[in-house]
Amino acid sequence: MAVKRIGVVGSGIMGSGIAECAAAAGFEVVVRSRAEHTAEAMLAALAKSLDRRVERGKLDAAERDAILGRVRAVTDLGELGDCDLVIESVVEDLDVKRHLFTELDRVAPEHAILATNTSTLPVVELAMHTSRPERVCGIHFFNPAPAMALVEIVRPLTAAEATIEEATAFATACGKTPVVVEDRAGFIVNALLFPYLNAAVRLMEQGVATKEDIDSAMKAGCGFPMGPFELLDLVGLDTSVAILEALYAEQREPALAPAATLRRMVAAELLGRKSGQGFYDYRS
Ligand code: 3HC
């Protein structure tokens with residue numbers, strides 16, 4: 001089966017980044033957002049991201065316009081009725097995603113792959129809320145999706161080999177480096193990354209060093225492009241807490257329980273870049 005038309009559900013940072021990757025690779029993309037204003041915000045974010053690439057000489061204006069022309073924003077889920085592959089990228093909440101997969105199963109064509117961009121949640125649970133568990137898998141992009149090379153292809157127990165092969169071919173067509181991974185909380189990257197990010201917050205809580213010095217240390221000492229607090233702000237503290245909770249629920253390791261500071265900051269709506277303030281201030 002040739003994947004031609006992509007549906008993306010969710011128009012946040014990841015949804016719009018995935019839409020950009022797919023449209024830049026030549027796919028027709030339909031992004032479903034819950035409201036008109038969030039759909040418009042997604043198109044504006046996409047245009048801004050492409051404009052940045054034009055300014056840097058990575059893309060010419062005609063290519064930018066062609067990419068934008070391949071992305072359509074809609075609010076009705078029914079508009080995904082002719083997609084060959086739908087990638088869900090909504091909030092990291094299992095109940096919300098379960099409900100969405102049941103709806104997607106109703107609207108998407110029988111041959112379509114239904115994929116989730118979840119960071120940690122069990123993909124098999126979403127598969128079992130559809131009538132086509134063999135056509136469900138994870139396609140996990142990283143943030144910022146247009147810049148990060150990796151895509152984890154997550155194989156739940158229920159997936160057919162052809163589904164994994166087609167999902168892998170899609171990631172390759174997007175110019176990404178796919179790796180296939182079994183359906184375990186955190187897959188590869190988040191299973192390794194989030195214990196480290198949580199430990200960094202605990203180190204700060206213990207007064208061992210300031211967040212600025214911890215960030216400097218990990219950049220200068222390990223060559224990481226961002227320190228742990230900068231990265232938590234990029235990912236979003238709400239998403240980070242959800243990822244840690246999912247890791248903790250599966251492994252019951254005390255080190256994986258979200259650090260208290262993370263929970264308090266989420267309660268205070270200090271979510272990182274997306275809310276303008278997290279460990280650092282992005283409002284200026
Ligand atoms: N959208 C599109 N492209 C972007 C971008 C964005 N938001 N931000 C940066 N880029 C591109 C730039 O255009 C540039 O591309 P080019 O080399 O082709 O011109 C390249 O990335 C480098 O960007 P900059 O020079 O502006 O900035 P930096 O060198 O500081 O890089 C960064 C920015 C790519 C974000 C880098 O800091 C980085 O790699 N950080 C680590 C990010 C990371 O670890 N992400 C994974 C998070 S975990 C995750 O996503 C899992 C999820 O489940 C939570």
Side-chain angles (χ1 to χ4, degrees), residues 8-21 31-56 68 71 73 75 88-93 96-97 117-120 140-148 189-190 193-194 196-205 209-219 224-246 258-284:
V8 176
V9 184
S11 58
I13 312 170
M14 291 311 293
S16 99
I18 295 168
E20 180 178 335
C21 295
V31 184
R32 190 269 184 163
S33 191
R34 280 176 305 175
E36 293 284 350
H37 71 276
T38 48
E40 273 156 31
M42 184 281 298
L43 288 175
L46 176 57
K48 192 173 160 201
S49 175
L50 293 171
D51 283 344
R52 240 177 56 145
R53 289 176 61 195
V54 172
E55 279 159 27
R56 287 169 176 242
L68 280 172
V71 180
T75 52
E88 164 280 312
S89 182
V90 303
V91 65
E92 283 289 88
D93 179 315
V96 173
K97 287 186 195 275
N117 184 55
T118 183
S119 310
T120 20
H140 183 212
F141 282 81
F142 289 78
N143 188 0
M148 304 307 286
V189 172
N190 287 341
L193 178 63
F194 275 83
Y196 150 70
L197 296 177
N198 205 33
V201 180
R202 296 229 169 111
L203 215 57
M204 180 192 70
E205 287 173 344
T210 62
K211 59 180 188 286
E212 291 83 2
D213 282 347
I214 296 173
D215 277 347
S216 296
M218 295 313 291
K219 287 189 280 189
F224 290 178
M226 299 175 112
F229 295 94
E230 292 168 330
L231 192 49
L232 282 160
D233 277 354
L234 176 76
V235 169
L237 303 198
D238 50 347
T239 302
S240 298
V241 167
I243 290 170
L244 284 161
E245 278 172 346
T261 299
L262 287 175
R263 288 191 190 281
R264 296 296 183 275
M265 289 177 72
V266 171
E269 293 177 9
L270 299 170
L271 304 181
R273 288 189 190 209
K274 64 179 156 188
S275 71
Q277 210 182 342
F279 287 104
Y280 298 103
D281 196 335
Y282 303 91
R283 290 168 300 177
S284 53

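- In this structure the side chain of P258 reaches within 4.5 angstrom of the side chain of R263, judged on heavy atoms.
- For the atom pair CG (L46) and OG (S11), the distance works out to 11.5 Å, reported to the nearest 0.5 Å.
- When the ring-ring contact (aromatic ring centres under 6.0 Å, His included) test is applied to F224, the partners found at least two apart in sequence or on another chain are Y196.
- Put simply, the side chain of D238 never gets that close to the backbone of L271: no donor and acceptor are under 3.5 Å apart.
- Taking each heavy atom of K211 and F279 in turn, the nearest pair found is CE-O, 2.8 Å.
- The side-chain contact (heavy atoms from CB on, under 4.5 Å) check on M226 picks up E230, L231, L234, R273, with sequence neighbours excluded.
- Among all heavy-atom pairs drawn from T261 and V201, the shortest one is CB-CG1, 3.8 Å.
- To the nearest 0.5 angstrom, R53 atom CZ is 10.5 Å from R56 atom CZ.
- P228 is listed as a side-chain neighbour of D215, based on a closest heavy-atom distance under 4.5 Å.
- Minimum interatomic distance between D281 and G276 (heavy atoms only, all atoms of both residues): OD1-O, 3.5 Å.
- Partners of F194 according to the ring-ring contact (aromatic ring centres under 6.0 Å, His included) rule, which considers only residues two or more places apart in sequence or in another chain, do not exist here.
- Interatomic distance, K97 NZ to E92 CD, rounded to the nearest 0.5 Å: 4.5 Å.
- The aromatic rings of Y280 and Y282 sit perpendicular, their planes meeting at an angle over 60°, well past the 30° parallel limit.
- Side chain of S49 to main chain of A45: no donor-acceptor pair is present (N/O by atom type, distance under 3.5 Å, no hydrogens or angles).
- The number of heavy-atom neighbours closer than 6.0 Å to CZ of R202, taken from other residues, nucleotides and ligands shown, is above 12.
- In this structure, the side chain of E205 does not engage the main chain of A259 through any donor-acceptor pair within 3.5 Å.
- Closest non-hydrogen pair, V31 versus A19, comes out as CG2-CB, 3.7 Å.
- Note: M265 CE to D233 CG = 6.5 Å, rounded to the nearest 0.5 Å.
- When all heavy atoms of S16 and M42 are compared, the closest pair comes out as CB-CG, 3.5 Å.
- When atom types are taken as modelled, the side chain of N117 and the backbone of F141 share a donor-acceptor pair closer than 3.5 angstrom.
- Here the CE atom belonging to M14 is positioned 11.0 Å from the CD atom belonging to E88, to the nearest 0.5 angstrom.
- Atom CG of N190 is separated from atom OG1 of T239 by 10.5 Å, given to the nearest 0.5 angstrom.
- The minimum heavy-atom distance between E36 and T75, with the atom names listed, is N-CG2, 3.7 Å.
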